[in-house]
Novice: 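Before anything else, here's the structure in question.
Below, chains carry the letters A, B, ... as their sequence lines are ordered, and counting in each starts from 1.
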Amino acid sequence: MPELPEVESARAVIERAGLHRTIVDVDDSDSYECRPHSPGQIRTALLGRTLTAAHRRGKSMWVDSSDAGPVLGIHLGMSGKIVIGDAEGTEVDGGDYWERGRQAGDHRFTRFGLTFEDGGRLLLIDPRRLGRVRLDPPVEKLGPDAQFIKPPAFRALLETSAAPVKARLMDQDRIAGIGNLLADQILWAARISPARPADELDSDEVSRLLRATRAAIRDAIAGGGVHTLKVVAHRKKVARCPRCKAEMSQGTVGGRTTWWCSREQAQ
DNA sequence: TATAGTGTTATCGG
DNA sequence: ACCGATAACACTAT
């Protein structure tokens with residue numbers, strides 16, 4: 001679920017409700033979510049400290065801790081979300097995203113947790129368990145954030161590869177934050193086929209693509225997630241292009257299910 | 001019961 | 001070594 005807009009929302013939850021509170025307990029017992037750490041390692045590193053700032057690049061978050069403590073890296077994977085609750089277990093922030101029937105206090109999918117001095121908790125809830133919590137994450141491997149990338153860098157990442165442009169847009173080492181749904185929206189808005197070799201795009205197409213990238217991210221953050229983007233509701237059989245009413249086509253590009261307008265995004 | 005899925009990464013072939 | 005495609009990961013929803 002989470003692409004850049006959802007991760008930004010999660011980062012904002014931590015910033016609003018998780019900073020400057022003394023950590024008195026840490027549940028890092030899920031050794032899959034906390035790989036490669038062993039249980040207790042993250043706990044020992046954080047006990048007694050506070051979180052001091054929450055950062056994000058692309059789909060990766062990291063949180064600084066006080067007293068020269070470690071950096072706590074959080075990745076939401078396919079299904080993760082951050083929720084902050086009070087001592088009674090009532091959710092005070094983060095509970096609005098992708099509820100999917102989950103009730104407050106349902107801890108079946110809680111994979112990691114911090115408990116603060118007043119009993120409040122910061123939780124990572126992640127049914128599919130493909131998310132990750134780790135100390136001192138290697139953030140520097142990521143490409144520039146898709147929200148803030150500059151035209152020269154954007155142009156360079158496209159003209160140096162014959163891979164399908166969609167695959168290039170989803171390469172987190174080159175541009176960070178674009179996932180499957182955001183990519184489909186961006187390519188649809190720019191009227192470019194997802195399968196086009198990236199290095200064949202002309203300068204007009206590249207500038208349309210960058211404008212569409214910025215607009216999609218802005219709209220998704222404002223609307224509450226990538227599922228609110230225009231073409232996302234039309235990624236299904238029998239659906240038609242919301243602009244020209246031609247049939248939507250489906251296929252695999254860059255290893256992911258891809259939908260595009262059969263008329264406006266023809267090769 | 002079988003399959004697809006909003007992400008990442010190890011592995012394989014070119 | 002680089003590049004791109006694919007499978008695997010864990011688990012739920014349809």
Novice: Does A:Ser79 have a side-chain nitrogen or oxygen under 4.0 Å from the phosphate oxygens OP1 or OP2 of B:dG7?
Specialist: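 Answer no for this pair, as no side-chain N or O of A:Ser79 is under 4.0 Å from OP1 or OP2.
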
Novice: Expressed in angstrom and rounded to an integer, what is the separation of A:Asp171 atom CG from C:dC2 atom C1'?
Specialist: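 After rounding, the reported distance stands at 12 Å.
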
Novice: Would you tabulate the nitrogen or oxygen pairs shorter than 3.5 Å linking the protein to nucleotides 8-11 of chain B?
Specialist:
| residue | atom | partner | partner atom | Å |
| --- | --- | --- | --- | --- |
| B:dT8 | OP1 | A:His75 | NE2 | 2.7 |
| B:dT8 | OP2 | A:Lys59 | NZ | 3.0 |

Novice: Looking at the base of C:dA10, is there any donor atom on it, or on the side chain of A:Arg129, that sits under 3.5 Å from an acceptor on the other one?
Specialist: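 No.
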
Novice: Does a sphere of radius 6.0 Å around CD in A:Gln250 hold more than 12 heavy atoms from other residues, nucleotides or ligands, not counting ones at 6.0 Å or beyond?
Specialist: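 More than 12 heavy atoms, drawn from other residues, nucleotides or ligands, come within 6.0 Å of this atom.
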
Novice: Is any side-chain N of the basic residue among A:Lys166 and A:Asp184 closer than 4.0 Å to the acidic one's carboxylate O?
Specialist: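 The answer is yes: the pair qualifies as a salt bridge.
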
Novice: Please classify the nucleic acid contact of A:Gly179 as base, sugar-phosphate, or nothing, using heavy-atom distances under 4.0 Å.
Specialist: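 Since only primed, P, OP1 and OP2 atoms lie under 4.0 Å of A:Gly179, the category is sugar-phosphate.
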
Novice: Round to a whole Å and report the spacing from NZ of A:Lys166 to C1' of B:dG7.
Specialist: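 Answer to the nearest Å: 13 Å.
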
Novice: What is the distance, rounded to the nearest whole Å, between atom CG of A:Leu124 and atom C1' of B:dG7?
Specialist: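 Answer to the nearest Å: 14 Å.
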
Novice: I need the full list of ring pair (Phe, Tyr, Trp, His ring centres under 6.0 Å) pairs touching residues 130-189 of chain A, with sequence neighbours left out, sorted by first then second residue.
Specialist: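 Of all non-adjacent pairs touching residues 130-189 of chain A, none passes ring pair (Phe, Tyr, Trp, His ring centres under 6.0 Å).
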
Novice: Quick one: A:Arg111 CZ to C:dC9 C1', roughly how many Å, whole number?
Specialist: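 Rounding to the nearest Å, CZ of A:Arg111 and C1' of C:dC9 are 13 Å apart.
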
Novice: Applying side chain to side chain contact (heavy atoms under 4.5 Å, CB included) between A:Leu76 and each of A:Glu3, A:Lys59, A:Met61, report the one that passes.
Specialist: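 Among A:Glu3, A:Lys59, A:Met61, the one that satisfies the side chain to side chain contact (heavy atoms under 4.5 Å, CB included) with A:Leu76 is A:Met61.
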
Novice: Output yes when at least one side-chain N/O atom of A:Ser161 is less than 4.0 Å from OP1 or OP2 of C:dG4, else no.
Specialist: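 For C:dG4, OP1 or OP2 has a side-chain N or O of A:Ser161 closer than 4.0 Å.
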
Novice: Is there a Watson-Crick or G-U wobble partner for C:dC11 with both distances under 3.5 Å, and which nucleotide is it?
Specialist: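 Result: B:dG5.
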
Novice: Take atom NZ of A:Lys81 and atom P of C:dT12, then tell me their distance rounded to the nearest Å.
Specialist: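 From A:Lys81 NZ to C:dT12 P: 16 Å.
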
Novice: Just N and O in the side chain of A:Arg108: are any of them under 4.0 Å from OP1 or OP2 of C:dC11?
Specialist: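 Indeed not, no polar side-chain atom of A:Arg108 lies that close.
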
Novice: How long is the line joining CZ of A:Phe112 and P of C:dA10, in whole Å?
Specialist: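 To the nearest whole Å, that distance equals 20 Å.
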
Novice: Checking A:Thr160 against A:Arg168: is there a side-chain donor and acceptor pair closer than 3.5 Å?
Specialist: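 Side-chain D/A pair, A:Arg168 to A:Thr160: present.
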
Novice: Under a 4.0 Å threshold between the charged nitrogen and the carboxylate oxygen, would A:Glu15 count as salt-bridged to A:Arg11?
Specialist: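 Salt bridge between A:Arg11 and A:Glu15, a charged N being under 4.0 Å from a carboxylate O: yes.
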
Novice: Checking side chain to side chain contact (heavy atoms under 4.5 Å, CB included) against A:Leu122, which of A:Val63, A:Ile23, A:Val83, A:Leu51 comes through?
Specialist: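 It is A:Leu51, the one option of A:Val63, A:Ile23, A:Val83, A:Leu51 that forms the side chain to side chain contact (heavy atoms under 4.5 Å, CB included) with A:Leu122.
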
